Amino acid sequence: MTMTQTLPGTSTQAEVQQKGRIRGVLGMLWRDKFALAATIFLLVVIFCAVCGPMLMGDAALSQNLRGRNAPPFSIANGWFYVLGSDSLGRPLLPRVVVAAQNTMLIAAGAVLCSSIIGALLGLVAGYASSRVGNVILRLADVIMSFPSLLLAVVVLYILAPSVGNLVIVLAITRIPVYLRTTRAEVMEIRQRMFVEAAEVMGASPARIVFRHILPMVIPTLVTIATLDFAFVMLAESSLSFLGIGIQPPQITWGLMVSQGRQYLATAWWLAFWPGLAIILTTMSLNLLSNWMRIALDPTQRWRLEIGGKSNG
Amino acid sequence: MRKLILGRVLSSFFSLAALVVMVFFLSRLTGDPAALFLPREATQEMLDNFRRLHGLNDPLIVQFGRYVWDLLHLDFGQSLRQARPAIDVVFEGFAWTFQLAAITIALVSIAAIVIGSLAAFRPGGIFDRFASVVSLIGASAPDFWVAIVAIVVFAVNFAWLPTSGTGTVWHWILPVAVLFIRPFGLILQIVRGSMIQSFGSLYVKTARAKGVGNTSIIFVHTLRNAMLPVITVIGDQAAAMLNGAVIIETIFGFPGVGKLMIDSILQRDFNVVLAAIMVTALAIFVMNLLIDIAYAILDPRVRT
Amino acid sequence: MKRSLMLLGAALLSAVHLAMPASAQNASRDVTIVLGEGVDLMEPCMSTRSNIGRVLLQNINETLTEFDVVGDKGLMPRLAESWDQQNDNTWRFHLRKNVKFSNGSDFDAEDVKHSIDRAMSKDLSCETPRYFGSTKITATVVDPSTIDITAEPKQAILPLLMSIVTIVPSDTPVEFVRDPIGTGPYKMTAWNVGQNIVLERRGDYWGDAPQVEKATYVFRTDPAVAAAMVQTGEADIAPSISVTDATNAETDQAYPNSEVFYMRIDQGKPPLQDKRIREALNLAIDRQAFVGTLVPAETTLATAMVPPTTLGFNKDIKPWPFDPEKAKALVAEAKADGIAVDSKITLIGRSNLFPNVLEVMEAIQSMLTDVGLNVDLQMYEVAEFEDIYGKPFAEDRTAQLVAAQHDNARGDPVFSMFFKYHSNGPQSGFSDPKVDQMIEEATAATGEDRAKKWSELFAYLNNDVVADVLLFNQVSFARVNPRVAFKPTIATNSQLQLSQVGFK
Amino acid sequence: MAEHLLEVRNLSVQFHTAGGTVKAVSNISWYLDRGETLAILGESGSGKSVSASAIMNLIDMPPGEITNGQILFEGRDLLTMPIGKRRMINGKRIAMIFQDPLGHLNPVYTVGWQLVETMLVHGAGRDEAERRALELLKRVGLPSPEASMKKYPHQFSGGQRQRVMIAMALAMKPDIVIADEPTTALDVTVQAEVLSLLDELQKETGMGLLLITHDLGVVAEVADRVVVMNGGEIVETGTPSEVYHNPQHPYTKKLISAAPGRGAMHEPQGRGEALLRVSGMEKAYGAFKALDGVSFDLQPGETMAVVGESGSGKSTLARCLLRLEEADSGQALWKGRDLLSMSRKELFGLRRQIQMVFQDPTQSLNPRMSVYELISEAWVIHPEILPKARWRERVDELLAQVGLLPEHARRYPHQFSGGQRQRIAIARALALEPQLIICDEAVSALDVSIQAQVIALLDKLRRELKIAFIFIAHDLPVVRDFADHVMVMKSGKVVERGTARQIFESPRQDYTRRLLAAGLDPDPEVQQRRRLEREAIIA
């Protein structure tokens, strides 16, 4: 006997929804302060990614060998230098801002590609016959055992070095994770009664997969994707050294972190700020995905509508 | 169970074969090992000589045939760089990686499960929030940051531990600790989610009605039920670790298979690359099998 | 296979044993040396590779002659006590007597002959032949302590070349070995691949017994960790730490590492065939601004492909001044003459060439852009880089500036000049018959004449051809534990003689 | 005032939810004495389980909160007792049996382990606990108790699992056993067995039994006294007989009148052209024959009930007809065409004509789709039925037809009660304008009064729209009021087939008779008689 199921309180909920979707969503966001902070931070990042290169592109590239490794929290040289300067004397604040664009393009590109392809293959593997499913799973095994560096080198030799190819390499290596997770969930969800109900109505396999199964899988995929974001942002820099990724003077957070590595002992701020940006972005995405998991689920939504008390 | 194992062995064999074929041909698209092994100023004669010695002049398909033939005789070929059997090179590295992975994953599993379970007991509580934030920072912090800061703090400033290297148990502490952080964050999240779900299960009510205490409810009744998704993730993480932990190996001077693989790829030491991939793939396959068996042990419903 | 499995088992067990961390061997006569690059072979004929040479050269395996790059002693005897030229092609070497290999066998002329034959053998891929080029070498044993070595065609610096050939016993197989036997003051007693190599002092060495009794080599790719190891006393010498970590004047010493950092100009594509543009490239770079910022303060500006300690180094050549205005003017002038100065020039660098190579490349790119050139930066990993650096060049390339390092600590420019500047040189970016001729003449010359000819070549290349953008004579930093007396030199890049290590 | 074994005084519990605070129970009082059976009767949402949860300390706080009242056990107030002490009462002095034994038994431990644990928790030695566990399993009548100890919950049938639950509750010889809907999910025959087991055990141990149920029949069968609850309040108390024959409160009256099985039976019209003609249908899962030569006819607009215990093959029949599973052999002629051999494309057209209403509306409605989306999906799939412009209007119409309001279209399934959800499922089926609806246990999960409403709704639809029904049920009284024909199944075979009147009034087969006898009648006197009959059959 679940008590909440038939409580009369449900009627007020419907009213909440009638007030308009957007307001409802904003209201739910407002009540979960963590998610709110995360959203604001992400909006700032997106703003930086879109407008950063336009606003600060030049400042980010202005070298000054005599003012190199200037420590942070000093605005003697102007507020661009508030986070300090790097080993070429370029101000870090504009660099972090400008780097948001490439970082987001690559990370979002790679994560989107891998999650979409992985989820599609996983849906097929989970819903199609077991033979097809097995072939796809073995393919995932092969990709998983194939060293990503070798893949990168192969791509570098066969194709030309470019950002697009970097995204391809990063995406391919992450596909198995999504594929396996999706398949596992599909195997479970396809047993549910409402899938059968849809079948009885004559729904096509595509409709069942995309309309009924996929929405149930998405929250899990989003959670993995947010954690992958951090991974991709760091992995990207380790492939850049092969020459297939972003090349200076273009910049990403991952590249800034890895360039700042040798200065960790003498000028910690070089790697710290971009690292912090990566950490905060990951955390924000994770908090937001937790919030979305609840907000997207009609049966859980009430948790947000009564306030952030039990955001479990 | 026997059927499961047999089926897995068979299908993994095909995966492995596909992997070998792919790696063999793709890796040979990536340049000439002779140019890398010999100095820049090498004469054409030296280059030709090198290629002749290592059979690099033959058509690719002949090289492949020879490789497969040798492989059937359990000969994985010679390492170009080290002038000894590739498989010896790989086994040496793998032994280190395996130990590192085993120790780390064991500690991570224990810590993540205990802390994740406690966090899930009161979702949204202070402990839960704290654990979540710490684990998220851990999961997204650049690992070389953590590694170098750890060396500076624990080895240089406090001089509690050796900076790097191998030899004694003390040498293991820092690499294991740094390697620990990322999977810990990830597994903790999964444990927490799974445990929250299990706490809502009806059998928890039964246990309460029976008078079972909280500790037993968490760690005896709920945990085992919540372990299935957790085990999958632990398996994935362990698999990733068996592929080597390049940054840890590089910084701590740890002679594992990760750095070996990277070096071999960059130096086009194909035989070592292939042997390393086969060994790690095999290890991952065995581990996946163990995970399936663990599934069956944990959940009797899977057995039938 | 079976053996491999046993190895695996042994390695698994080895990690189980417990012990306290081995702290620095304070009062003892043992040293630990932390190197930046692992050793994958311990093959004497590969000791020209710096990672192998630092462990092996003159410690385990010795050579007939030894070149003093640091001082002015020139070519010194080692296993050969003296040598004289028999005719144009043949030199006679008189070998040291009462020398024993570490396996107990006596050293004689047969060993020398076998060592030379082995190093030049087609059944091995030794590095040695590259120093001889197309010269054919024949060794003839005269008596156990005398050997004639003949070069065809004649080779002016044959005794110097003998400082490259390491001597192994005559029963050494013609395949790569992993347990080198030599006449040197040390023998290898342990090699745990990836972890360490242990050398121990021999009691029966022919020369003076060095102070160090036992040397353990360990490998750390990360220079910060290497530096930390010396700081904590886990190691005694770290021959190459990063400049950013070299913060302690008491322990950290700079030394020239014999590497010259330069940019090769690709004259095969516009606009780089135009001399004015090449001059502009040289004038655009504020070399001095790098020194003490991105490169260590001890760095000197390069004026030749070889370090100043090399034969025939031309002290009259002055580094290019920084004059962006003149550079701009030259570019404008070239443009006015219809040169496609807007064509893209790709600046190509190698990842991890030295710790902050990326920043240096970025700074260079920015300086070149400032004078109005269209420069893109592209970094590559080593294999791809070598592909681009060496001939044949891709036909569809854009104009290229390849930033590379060249190391010649052998004392003679012959090991550099043909490769970098001769029309047939594999890394040469241009073709100039006069340069070809000058190189050929200098190679054949001997004595004072040789030095003069090289000097002239350096001046011609720098002033008339403007063949490349020479940047820096690089320096490295070594961190040395205060208990140890060791002074790093230009030789330290390729060898690290334990006999030169003492204690305070 | 005499001290009762257990007494609940003025208990009020509320829950904090999205829509504000909800009172689950307010100010309820009742008591239980040794050797007595008290039934709390109520429908879902009536708050009948809340006091039991409060006794066992199973209310999650927050969101729950006990605002008022006392729970006196042997005179001591449980609510003010320290947690540790309460835990020692749980399972030892007061034990509980839950409704759904599959969910309430831990799936990953053996039955023996779970039994033993109860005793270990309360201080028994392991050897003794194991010996006693074996005894208990024997006592509750589990076949081969030694083997059962080592088996897992999923390896038992529903009735056996409930016996395990009972054994577990009895482990410490408690003074009080609380049974929350102990037989709801069970077949009628099993239900009777479980109830008589509880009865016997009570006589043996002299424990007090608190039975929480929605079923008047269960009350009539076992209760000494009954408490009727509605909307969180007690509306009536008394002996079952008093309450049944002389209900005071309107709610009680309504509840009693809603009890199925007493209306007029259908008299089917003459037979015409069959809509569906099934012959020799077979389906096997390995060695187990789920369907073994099933044949029958169905007329347009006819309702045929299929009854039988679990495992009789009735659900398999439905699934095979809908091609959710493939039958091994046989024919099913739908308007003269064999639907078992239809191609995918033909099947698509068939989907419009044959629909299904599932047992559990919670699971058969996609939780992430609104009611509007759920109903209109039919037209997304079959766009020829209705132009998009008319969807809105038609959804409202359908909702009205099943007794819901137009504004419900925006809501999500979880915001409805079980009965409402089943109405939505029916509306969804109707959206396709089918000629046959197969209802698989479509009402068995619902409360009595809701059951009556849904059946009335189906009956109305049949009359108005001339839809034929195949109505699968394990509960005979429900079928009685609704079916034209009844088909009784056992082990994949048709045991008996006839009009409702034939089956209910003059059953020809023993099995049918036994099924009828096992059913519980809401009238305590009738039930008394029936029990004697049943015992006679068994004997």
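Note that the structure is a prediction, hence the values are computed from the model and not measured. In what follows, chains carry the letters A, B, and so on, assigned in the order in which the sequence lines appear, proteins first and then strands, with residues in each chain numbered from 1.
With a 4.5 Å cut-off on non-hydrogen atoms, B:Leu282 does not touch chain A at all. Contact of B:Val273 with chain A is made through the side chain alone, with heavy-atom distances under 4.5 Å. Neither the backbone nor the side chain of A:Met233 comes within contact range of chain B; no heavy atoms are under 4.5 Å apart. At a 4.5 Å heavy-atom cutoff, the contact between B:Ser11 and chain A is made by backbone and side-chain atoms alike. If you measure heavy-atom distances from B:Arg28 to chain A, you find no contacts under 4.5 Å at all. Contacts between B:Arg182 and chain A at a heavy-atom distance below 4.5 Å involve the side chain alone, from C-beta outward. Contact annotation for A:Phe229: neither backbone nor side-chain heavy atoms come within less than 4.5 Å of a heavy atom of chain B.
Within a 6.0 Å radius of CZ in B:Phe25, more than 12 heavy atoms belonging to other residues, nucleotides or ligands are found. Atom CZ of A:Phe231 is surrounded by 12 or fewer heavy atoms from other residues, nucleotides or ligands within 6.0 Å. Residue B:Phe130 places its CZ atom among 12 or fewer non-hydrogen atoms of other residues, nucleotides or ligands, all under 6.0 Å distant.
By number of non-hydrogen pairs under 4.5 angstrom with chain B, the leading residue of A:Asp141, A:Thr281, A:Val257 is A:Val257. Among B:Thr280, B:Ile284, B:Asn243, B:Val23, the residue with the largest count of heavy-atom pairs under 4.5 Å with chain A is B:Val23.
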- Query: Given the rule in the side-chain contact (heavy atoms from CB on, under 4.5 Å) test, do B:Gln189 and A:Asn286 qualify, once you have shown the distances and angles that lead to the verdict?
  - Reply: CA-CA 10 Å; B:Gln189 297 274 322; A:Asn286 195 271; 3.8 Å; yes

message: Between B:Phe14 and A:Arg138, is the side-chain contact (heavy atoms from CB on, under 4.5 Å) condition met? List the steps.
response: CA-CA 8 Å; B:Phe14 285 112; A:Arg138 296 288 81 80; 5.8 Å; no

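Shown here are the side-chain hydrogen bond (donor to acceptor under 3.5 Å, both in side chains) partners of A:Arg180, two or more places apart in sequence or in another chain: B:Asp236. Qualifying side-chain hydrogen bond (donor to acceptor under 3.5 Å, both in side chains) partners for A:Thr220, counting only residues two or more places apart in sequence or in other chains: A:Glu185. Applying the side chain to side chain contact (heavy atoms under 4.5 Å, CB included) rule to B:Ser117 yields the partners B:Ile113, B:Val191, B:Met195, B:Ile218, B:Phe219, B:Leu223; only residues at least two apart in sequence or on another chain are considered.
Contact detail for A:Leu150 and B:Ser27: the closest heavy-atom pair is CD1-CB, 4.1 Å. Scanning all heavy atoms of the two residues, the minimum distance from A:Leu276 to B:Trp145 falls at N-CH2, 4.1 Å. Pairing each heavy atom of B:Ser15 with each of A:Val142, the nearest pair is O-CG2, 3.6 Å.
Between the CG atom of B:Leu136 and the CG atom of A:Leu280 there is a distance of 11.0 Å, given to the nearest 0.5 Å.
Chain B is approached within less than 4.5 Å, heavy atom to heavy atom, by A:Ala271, A:Phe272, A:Gly275 from residues 267-275 of chain A, ordered by number.
B:Leu266 has its side chain within reach of A:Leu149: a pair of non-hydrogen atoms, C-beta onward, lies under 4.5 Å apart.
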